[in-house]
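This report refers to the structure that appears directly beneath it.
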2 protein chains.
Amino acid sequence: MAGIKDVAAAAGLSVATVSRALNNHPSVSPEARARVLAAVDALGYRPNAVARSLRTDQTRTIGLVISDVLNPYFTELARSVEEEARTRGYSVIIGNANEQPDLQDHHVRTLLERRIDGLLVSPADGRSPLMLDAAGGGTPMVFVDRWIPGVDVPVVRADGRAAVRDLVAHLHGLGHRRLAIIAGPAATTTGQERVDAFRAALHAFGLPLPDEYIGQGDFQADSGRRATERFLDLPRPPEVVFAADNLMALGALDAIRARGLRVPDDIGLAAFDDIPWFVHTDPPITAIAQPTADLARAAVRALVDLIEGRPPQSVTLPATLVVRRSCGEPPAPVPTTSQQRSNL
Amino acid sequence: MAGIKDVAAAAGLSVATVSRALNNHPSVSPEARARVLAAVDALGYRPNAVARSLRTDQTRTIGLVISDVLNPYFTELARSVEEEARTRGYSVIIGNANEQPDLQDHHVRTLLERRIDGLLVSPADGRSPLMLDAAGGGTPMVFVDRWIPGVDVPVVRADGRAAVRDLVAHLHGLGHRRLAIIAGPAATTTGQERVDAFRAALHAFGLPLPDEYIGQGDFQADSGRRATERFLDLPRPPEVVFAADNLMALGALDAIRARGLRVPDDIGLAAFDDIPWFVHTDPPITAIAQPTADLARAAVRALVDLIEGRPPQSVTLPATLVVRRSCGEPPAPVPTTSQQRSNL
DNA sequence: CTGAAAGCGCTTACAG
DNA sequence: CTGAAAGCGCTTACAG
C-alpha cells in the first residue's frame with residue numbers, strides 16, 4: 001500500500017510538504033498542493049490514521065459503551081451519538097456490554113488501549129473499579145442515561161419522575177390500586193430511580209408497594225417474562241404491571257400471552273421507554289418516552305467540550321407519559337378519518 | 001500516562017523484555033515476568049494499541065458496514081458479529097450507512113484509513129467505486145446479507161426464495177389473488193431478489209404482478225408508509241401487501257391504521273425479516289425469518305479465514321416462513337393453556 | 001534469557 | 001514556502 005513517501009517521490013516533494021498539503025496547512029504553494037493531490041490520486045494513497053494518531057496523540061474517536069444494543073432505546077441513542085459526533089469530526093466505536101459487568105470492562109479496557117479521545121458511558125455496573133479509575137484518571141468521560149453517583153463526571157440523562165407520577169395518576173384514575181413494577185438492576189441508577197419514583201408516586205396516592213409487587217429484572221426480555229410469571233402466580237396478582245424498560249415489557253407481554261390472558265382486560269401493562277412498535281402492539285402500550293436524540297446530542301456536546309478543553313455541561317431532560325390503551329379504557333376518542341374503504 | 005519505558009525502568013529491565021513478557025513470549029524468565037507484571041500494576045500501565053498496530057501492521061479489528069442500525073435485523077446481525085469476532089480475538093467497528101451511499105462511503109473510507117484488518121459489508125449501494133476498489137485492492141472483505149454481483153468476494157447470505165414461495169402459497173390458499181409488494185432499492189441485491197422471488201412465485205400460481213402493485217421503498221419505515229398509501233389509493237387496492245423488510249412493514253401498518261383500516265380484515269400484511277414484536281402486534285404478523293445469528297457467525301468466520309490466510313467459505317442459508325394472523329384466518333388452533341385467571 | 005537498535009508512517013518544530 | 005530530522009510507543013530480528 002502506498003505510503004506518504006511514495007506520494008512525496010511521485011510529486012517530487014518532501015514528505016513534510018505532502019503532509020502539510022494533506023492537512024490543509026496554509027503555507028503550501030498552490031502548485032505543490034496540486035502536485036500532491038495528483039500523486040495521491042495516481043497512487044490511490046490512503047493516509048494511515050494509525051500512524052497519525054500515534055504522532056498527534058489523538059484519535060478523533062470517542063468510545064460509546066452501552067448496556068444493550070438490542071434495546072431500541074440504546075440503538076437509537078447510539079445512532080444519534082454517531083450522527084452528532086460525525087458532524088463534529090469524530091468517529092465513534094460502540095462497545096456493547098449486554099448488561100454484563102465483565103463485558104463492560106472488556107470494552108472499556110479495549111477502548112482505553114485504543115486511546116479513544118473520550119468515553120461516553122451508560123454504566124451496566126456502577127461498581128467497576130476499571131471504570132472508576134478511568135473516570136479518575138485523565139480520560140475525558142461523560143455518563144449518559146445511567147451514571148455513577150459520587151463520581152465527578154458530567155451526566156446527561158432524562159428525569160422520569162414527573163412522568164412516572166403522571167402514569168400513576170393515570171392508573172389511579174382508571175381505578176387500579178394493585179400496581180406492580182418490574183425493576184432494573186439495583187446496580188444501575190435508572191434501575192433504582194424508576195422504582196423510587198414509582199414508590200413515591202404510589203405513596204402520594206396512599207397506595208402501598210408491597211415487596212411481592214417488585215419484580216427484580218435486568219432490563220432484558222427474559223427477566224420481564226420471569227417477573228411477570230411470578231406476579232401472575234401470586235394469590236392476588238397486580239392489576240397493572242409497569243416494566244422499567246421496553247424489553248422487559250416485551251417479556252411481560254410474552255408471559256401474559258402464554259397464559260392466555262389479555263391486556264388490559266385481565267391485566268394492565270405500561271413501560272418505560274417508548275418505541276414505534278408500541279403503537280401497533282395488541283393493545284397499543286402506554287409508555288414513558290425519553291427525548292433520546294436530544295440526550296445523545298447533549299452527551300456528545302459535553303464530551304467534545306471536555307476533550308477540547310471547554311467546560312462541559314451536565315443536562316437533565318424531562319421524560320413524558322404517552323397514554324395508550326394497555327392499562328384500560330381508551331384515551332379520549334381520536335378524530336376519525338371520514339375516509340372509508342369505499343373504493344374496494 | 002505510563003509507557004512501556006516507565007514499566008521497564010520500574011522493573012529494572014529493558015523495554016524489549018517488558019514487551020515480550022506482556023506478549024507471552026516464551027523466552028522470558030518467570031522472575032522477569034513477575035517483575036514486569038508488578039510494575040504494570042503499580043503504574044497502571046495500559047498498552048498503547050495504536051503504537052502496537054503501527055508496528056505490527058495489524059489492528060485486530062474488523063469493520064462492519066451495515067445499511068441501517070435501527071433495523072432490528074441489522075442490530076441483531078451486528079450484535080452477533082461482535083460476539084463471534086470477540087471470541088476470535090477481534091474487535092469490531094460498526095459503520096452505519098443509514099441506506100445512504102455517501103454515508104456508506106464515508107464509513108468505508110474511515111475504516112480503511114484506520115487500517116482495519118478486514119471489512120464485512122452489507123452494501124447500501126452496489127455501485128460505489130470506493131467499495132469496488134477496496135474489494136479489488138488488498139483489503140480482506142466479505143459481503144453479508146447483501147452483495148455486489150460480479151465482485152470476487154465471499155458472500156454470506158440467506159436465500160428467501162423458498163420462503164417467499166411458501167408465503168405466496170399461503171396467501172393463495174387463503175383466497176387472496178391481488179398481491180402487492182413494497183420492494184427495497186433496486187441498487188441492492190436483497191431489494192431485487194425479493195421482488196424477483198415474489199414475481200416468480202406469483203407466476204407459478206398464474207397470478208400477475210402489475211406495476212402498480214410494486215411499491216418502491218428504500219427499506220426504511222417512511223417509504224413503507226408512502227407505498228402503502230399509494231396502494232390504498234388505487235381503484236382496486238391489493239388484498240395483501242408484502243413488505244420486503246420489517247421497517248417498511250411498520251410504515252405500512254402506520255398507513256393502514258391512519259386510514260382506520262384493519263389488518264387482516266381490510267387488507268393483509270406480511271413482512272420479510274421476523275422480529276420479536278411481530279408476535280405482539282395487532283394482529284401478529286406473518287413474516288419470513290432469517291437465521292441471523294448463524295449468518296453473522298459464518299460471515300465472521302469467512303472474514304477471519306481470509307485475514308489469516310485460510311480459504312474463506314461463501315455460505316447461503318435458507319429463510320423460513322412463519323405464519324401468523326396478519327393475512328387472514330388464524331393458523332391451526334394452538335393448544336390452549338387450561339389455566340384460567342381463576343386465582344383473581 | 002536479555003538488551004540495543006531499527007523501524008512502522010506519520011507530524012511538526014526548526015532552519016533556511 | 002520547503003526540507004531534514006526527531007520522535008510518537010511499541011515489536012522484533014540480531015547479537016550475545
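Throughout, protein chains are lettered first and strands after them, A, B, ... in sequence-line order, and every chain is numbered starting at 1.
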(Q) Reading DNA chain C from 5' onward, which residue's closest nucleotide shows up sooner: B:Pro26 or B:Leu54? (A) B:Pro26

(Q) Does the protein touch nucleotides 10-16 of chain D at the base, only the backbone, or not at all? Give it as B, S and - per nucleotide, heavy atoms under 4.0 Å. (A) BBBBB--

Q: Please state the C1' separation for the pair D:dG16 and D:dT12 - nearest whole angstrom.
A: 16 Å

Q) side chain to side chain contact (heavy atoms under 4.5 Å, CB included) with B:Val92: which of B:Thr61, B:Leu64, B:Val300, B:Leu120? A) B:Leu64

Q. With sequence neighbours excluded, what pairs up with A:Pro47 under the side-chain contact (heavy atoms from CB on, under 4.5 Å) test?
A. A:Tyr45, A:Arg52, B:Glu113

Q. Can a side chain N or O of A:Ser27 be found less than 4.0 Å away from OP1 or OP2 on D:dC1?
A. no

Q) To the nearest Å, how far apart are B:Asp57 CG and C:dA6 C1'? A) 16 Å

Q. Counting N and O atoms only, with roles assigned by atom type, does the side chain of A:Ser122 sit under 3.5 Å from a partner on the main chain of A:Val144, one being a donor and the other an acceptor?
A. yes

Q) Any side-chain donor paired with an acceptor under 3.5 Å for B:Arg146 and B:Ser67? A) yes

Q.
What is the distance, to the nearest angstrom, from the CG atom on A:Asp6 to the C1' atom on C:dC8?
A. 14 Å

Q.
Defining pairs by Watson-Crick or G-U wobble geometry with both distances under 3.5 Å, how would you list the stems of DNA chain C with at least three pairs each?
A. C:1-3 with D:14-16, C:5-12 with D:5-12, C:14-16 with D:1-3

Q.
Is the phosphate of D:dT2 approached by A:Ser29 (side-chain N or O, under 4.0 Å from OP1 or OP2)?
A. yes

Q.
Closer than 4.0 angstrom, basic N to acidic O: yes or no for A:Glu308 and A:Arg301?
A. no

Q: Classify the side-chain pair A:Glu82/B:Asn96 by whether it contains a donor and acceptor separated by less than 3.5 Å.
A: no

Q. Does the side chain of A:Thr189 pick up a donor-acceptor pair with the side chain of A:Arg157 at under 3.5 Å?
A. no

**Q.** Touch class at under 4.0 angstrom, heavy-atom based, for A:Ala49 against every strand present
**A.** nothing

Q) Does any N or O in the side chain of B:Ser314 come within less than 3.5 Å of the main-chain N or O of B:Val155, such that one atom is a donor and the other an acceptor? A) yes

